[in-house]
Amino acid sequence: MVMNVLVCGAGGFIGSHLARRLADSGQWVRGVDLVAPAFSESAAHEFVLGDLRDPQLVARVLDRPFDAVYQFAADMGGAGYLFSGDNDADVIHNSALINLNIARQSVRAGAGKLFFASSACVYPRRNQEDPESPSCREDSVMPADPDSYYGWEKLFSERMYQAFRRNHGLDVRIGRFHNIFGHEGTWEGGREKVPAAICRKVAEAPDGSEIEVWGDGNQTRSFLHIDECLEAVARLMASDCAEPLNIGSDEMISINGLVELVASIAGKSIRIRHVPGPEGVRGRNSDNRLIQRSLGWKPTASLRTGLERTYPWIAEQVRLRSLQVQPRNA
Ligand code: NAD
């Protein structure tokens with residue numbers, strides 16, 4: 001049977017990949033976003049350009065009992081956007097409005113299931129001060145103390161969706177994403193996340209030169225390739241697991257280590273210059289014990305494998321930019 005699905009944020013990195021995966025698997029997809037995907041045609045059968053902060057737009061796009069609603073739309077960016085403090089009011093206001101509208105209208109329209117893309121940024125600062133052994137166990141989220149307003153909004157919206165489940169029967173799934181990366185993601189302009197930023201800097205740098213890294217580079221993170229992320233989302237949606245689950249990699253690496261890895265994939269010798277900049281927490285790694293127990297899911301490939309697929313795409317974007325070739329849809 002053909003499923004009807006709505007992908008909110010279908011013009012973004014994860015949403016556009018998900019729309020393609022769902023359409024390829026025979027589902028009928030409506031996508032909605034402020035913008036069309038930047039790097040390729042949307043695979044959605046219908047793509048609505050619109051602002052999900054507007055309740056009337058939300059009522060128009062969520063006008064029927066979709067079998068599934070995937071909620072990826074958010075005022076989003078990398079560390080430079082989310083952790084500088086300069087965009088906090090917009091981040092919390094815009095994303096909260098989107099989620100409030102979507103929760104209410106999903107109930108009105110009788111949506112089957114709703115997936116909410118939450119984030120590792122919900123976890124409290126106190127568990128992420130040691131770069132060697134951060135803790136991101138799902139139940140460590142309270143008492144709440146996210147290190148960013150982006151994290152506060154995600155935590156608020158998780159709770160809000162859970163309240164809609166309890167009070168209105170909205171069948172919610174919540175994934176806490178930990179740094180998803182891959183091709184066709186933002187790679188320049190200030191909203192790019194660290195793997196894309198490092199790939200771009202390495203691609204731009206001549207062999208033997210140096211690139212800038214914010215902070216001392218000893219801060220740790222983990223990074224999950226987009227294909228692994230989509231598989232976890234599919235399994236979570238197919239399950240009856242109503243509690244939030246981490247969706248990430250547990251292969252932790254320092255930012256200095258990430259530069260080394262990307263440089264070795266690029267075949268370049270690169271030195272690092274550490275400069276002041278927004279760094280976020282000192283350490284973060286996905287704790288995959290619960291998702292492995294609940295869904296039998298864990299990443300299937302190494303960070304290196306994911307980067308070997310991503311670096312050439314970003315290097316090609318850098319080359320095209322130097323020739324002033326516009327990507328499709330830009
Ligand atoms: P993205 O910025 O590429 O996609 C988000 C999309 O939401 C964008 O296309 C944007 O235009 C759209 N959007 C923003 N405001 C909107 C509005 N008012 N109306 C309609 N559309 C609007 O980000 P992404 O990396 O694809 O992330 C998708 C989701 O996953 C987000 O909710 C994000 O917070 C979450 N997440 C992502 C990561 C990651 O590493 N990429 C990590 C944790 C959580």
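First listed ligand is number 1; within each ligand, the first listed atom is number 1. As the structure is a computational prediction, the values presented were derived from the model and not from experiment.
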Inset, instruction - If you have a sec, work out which protein heavy atom is nearest atom 31 (C) of ligand 1 and how many Å separate them, to one decimal? - result: F72 O, 3.1 Å

Inset, instruction - Ignoring angles and geometry beyond distance, decide whether D75 reaches within less than 3.5 Å of ligand 1 through its nitrogen or oxygen atoms. - result: no

Legend entry - Any N or O of A120 closer than 3.5 Å to N or O of ligand 1: no

Inset, instruction - Taking all non-hydrogen atoms of both residues into account, name the closest pair between A59 and Q105 and its distance. - result: CA-CD, 3.6 Å

Inset, instruction - Determine whether the side chains of T300 and E228 contain a donor N or O and an acceptor N or O closer than 3.5 Å. - result: yes

Legend entry - Within-shell test, G50 vs ligand 1, heavy atom, strictly < 4.0 Å: yes

Legend entry - Y150 and ligand 1 - part of the residue with a heavy-atom distance under 4.0 Å: side chain

Inset, instruction - Would you please say whether a donor-acceptor pair under 3.5 Å links the side chains of S286 and N288? - result: yes

Legend entry - N179 touching ligand 1 at heavy-atom level, < 4.0 angstrom: yes

Inset, instruction - With heavy atoms of V35 as the reference, note each atom of ligand 1 found under 4.0 Å away. - result: 11 (O)

Legend entry - Which residue and heavy atom of the protein sit nearest atom 19 (N) of ligand 1, plus the separation: L52 N, 2.9 Å

Inset, instruction - Name the closest protein heavy atom to atom 11 (O) of ligand 1, giving the residue it belongs to and the distance to 0.1 Å. - result: D33 OD1, 2.6 Å

Inset, instruction - Answer yes or no for K154: is there a heavy-atom contact with ligand 1 below 4.0 Å? - result: yes

Legend entry - Nearest protein heavy atom with distance in Å, relative to atom 23 (O) of ligand 1: M76 CG, 3.4 Å

Inset, instruction - Compute the shortest N/O to N/O distance between D51 and ligand 1 and return yes if it is under 3.5 Å, no if not. - result: yes

Legend entry - Closest approach of any protein heavy atom to atom 14 (C) of ligand 1, naming residue and atom: A74 O, 3.2 Å

Legend entry - Derivation and outcome, side-chain hydrogen bond (donor to acceptor under 3.5 Å, both in side chains), residues Y123 and D287: CA-CA 11 Å; Y123 288 109; D287 184 327; over 6 Å; no

Inset, instruction - Report the nearest protein non-hydrogen atom to atom 27 (O) of ligand 1: residue, atom name, distance rounded to 0.1 Å. - result: I14 CD1, 3.8 Å

Inset, instruction - Take every heavy atom of I98, measure it against each atom of ligand 1, and state whether any distance is under 4.0 Å. - result: yes

Legend entry - Those atoms of ligand 1 less than 4.0 Å from some heavy atom in G11: 9 (O)

Inset, instruction - Hey, can you tell me if W313 and F39 have their rings parallel, tilted or perpendicular (30° and 60° cut-offs)? - result: perpendicular

Inset, instruction - Say whether S118 and ligand 1 are in contact under the criterion: heavy-atom distance to a ligand atom below 4.0 Å. - result: yes

Inset, instruction - Write out the residue and atom name of the closest protein heavy atom to atom 40 (O) of ligand 1, then the distance separating them to 0.1 Å. - result: I180 N, 2.6 Å

Inset, instruction - Give me the ring orientation class for Y70 and F115: parallel if the planes are under 30° apart, tilted from 30 to 60°, perpendicular past 60°. - result: tilted

Legend entry - Heavy atom of the protein closest to atom 21 (N) of ligand 1 (residue, atom name, distance): L34 N, 3.3 Å

Inset, instruction - Would you tell me whether D75 and Y81 have side-chain atoms, one donor and one acceptor, within less than 3.5 Å of each other? - result: yes

Legend entry - Location of contacts on R176 toward ligand 1, heavy atoms closer than 4.0 Å: neither

